[in-house]
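One structure is given here, and the rest of the page talks about it.
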Amino acid sequence: MTAWMANGGEAGFVILVAVIVGIVALMISSSQRKSFEATLRRTAQRLGGSVVEGGLFSEPGLSLPLDGRSARVEFFSGSKNSSPYSKVIVSADGASPGVLHILEEGFGQAFLKLFGAQDLEIGDPAFDREYVIKATPAALATRLFSLDRRLEGIRIVRRIRSYSNGTFDLDAQAVTVMVRQYLREESDLMTLITCAKDFAAFALGAKGSVEVRSGEIVLGEVRVATGGECPVCGTAMTAGTVRCELCRTPHHSECWQYMGRCSTYACAGKRSVA
Ligand SMILES: [Zn+2]
Ligand SMILES: [Zn+2]
């Protein structure tokens with residue numbers, strides 16, 4: 001009898017401790033979320049944008065104008081199968097000159113299979129060693145990084161070098177600048193956002209001056225996702241494609257995995273179906 005009571009008391013104590021630990025964990029995670037939301041609000045205010053409320057399964061983000069283009073900032077805290085990310089997506093507004101990807105060499109090697117073995121050179125030996133560059137059409141890489149613009153482009157890309165696996169992606173619809181970590185600090189957010197703004201201007205031309213830029217970037221050669229081509233990499237889709245659950249746009253399954261979401265700018269699709 002006394003032994004049973006002792007066991008019962010012990011079990012009760014264990015349950016009590018578990019409940020307290022659970023409550024404290026909930027309080028910490030909710031206060032972390034509150035402070036992150038406050039950071040987002042300050043950043044939105046600073047840039048004339050607004051906070052996009054998170055849902056039960058989605059994290060809060062930002063919607064903001066960048067040099068007259070609409071942009072979104074999205075976060076993912078990571079899961080068992082996917083790395084965390086922070087990304088800025090800037091709408092190309094019809095000004096995209098093609099498909100371009102810039103990945104750090106170590107990270108890019110893991111994705112070499114993904115976009116084919118293509119690794120273009122822009123003519124700066126150090127930069128070409130440090131980064132994997134892919135483009136459709138291939139000449140787009142050398143045109144964007146032509147001699148008079150090269151240093152500016154390199155300076156923008158290197159600005160997020162200290163973050164985890166930064167990448168620059170240009171497709172038919174948008175410019176995406178992404179790092180594989182969950183940025184929490186306002187200064188880090190500003191670094192990523194400013195970098196995306198500058199890269200969008202670099203890749204798409206200044207807003208409203210597309211005519212001026214079109215002399216440098218021959219738009220006639222461009223052929224992007226007009227049918228049968230993956231919107232992420234710009235190459236033909238044969239086997240291994242998935243569709244966005246929401247807008248049904250087909251992607252290579254690896255390209256979907258790389259972007260972590262649907263590549264259609266206006267689509268919120270984060271899940272794919274076969
Ligand atoms: Zn693809
Ligand atoms: Zn979609």
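Hydrogens, waters and symmetry mates are skipped; everything else that's a heavy atom, side chains included, is used. Counting starts at 1 for both ligands and their atoms, following the listed order.
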**Asked** Any side-chain donor-acceptor pair under 3.5 Å between Arg41 and Ser50?
**Response** no

**Prompt:** Is the Tyr182-Phe36 ring centre distance short of 6.0 angstrom?
**Reply:** yes

**Request:** At a cut-off of 2.8 Å, list the protein N/O/S atoms near the Zn ion (ligand 2), residue plus atom name.
**Result:** Cys244 SG, Cys247 SG, Cys262 SG, Cys267 SG

**Asked** Has His251 got an N, O or S atom lying less than 2.8 Å from the Zn ion (ligand 1)?
**Response** no

**Request:** For His251 and Ser263, test the side chains for any donor-to-acceptor distance below 3.5 angstrom and give the result as yes or no.
**Result:** yes

**Request:** Measure up the Tyr258 and His101 rings against each other and bin them: parallel (under 30°), tilted (30 to 60°), perpendicular (over 60°).
**Result:** perpendicular

**Prompt:** What N, O or S atom of His252 is found closest to the Zn ion (ligand 1)?
**Reply:** ND1

**Request:** Would you kindly check if the NZ (Lys) or CZ (Arg) of Arg158 is within the cone defined by 45 degrees around the ring axis of Tyr131 and under 6.0 Å from the six-membered ring centre?
**Result:** no

**Request:** Report the angle formed at the Zn ion (ligand 1) by atom SG of Cys233 and atom SG of Cys230, rounding to the nearest 10°.
**Result:** 110°

**Prompt:** Charged N to carboxylate O under 4.0 angstrom, Arg42 versus Glu186?
**Reply:** yes

**Item:** Test log, rule ring-ring contact (aromatic ring centres under 6.0 Å, His included), inputs Phe202 and Phe145
**Value:** CA-CA 9 Å; Phe202 176 76; Phe145 287 88; 5.2 Å; yes

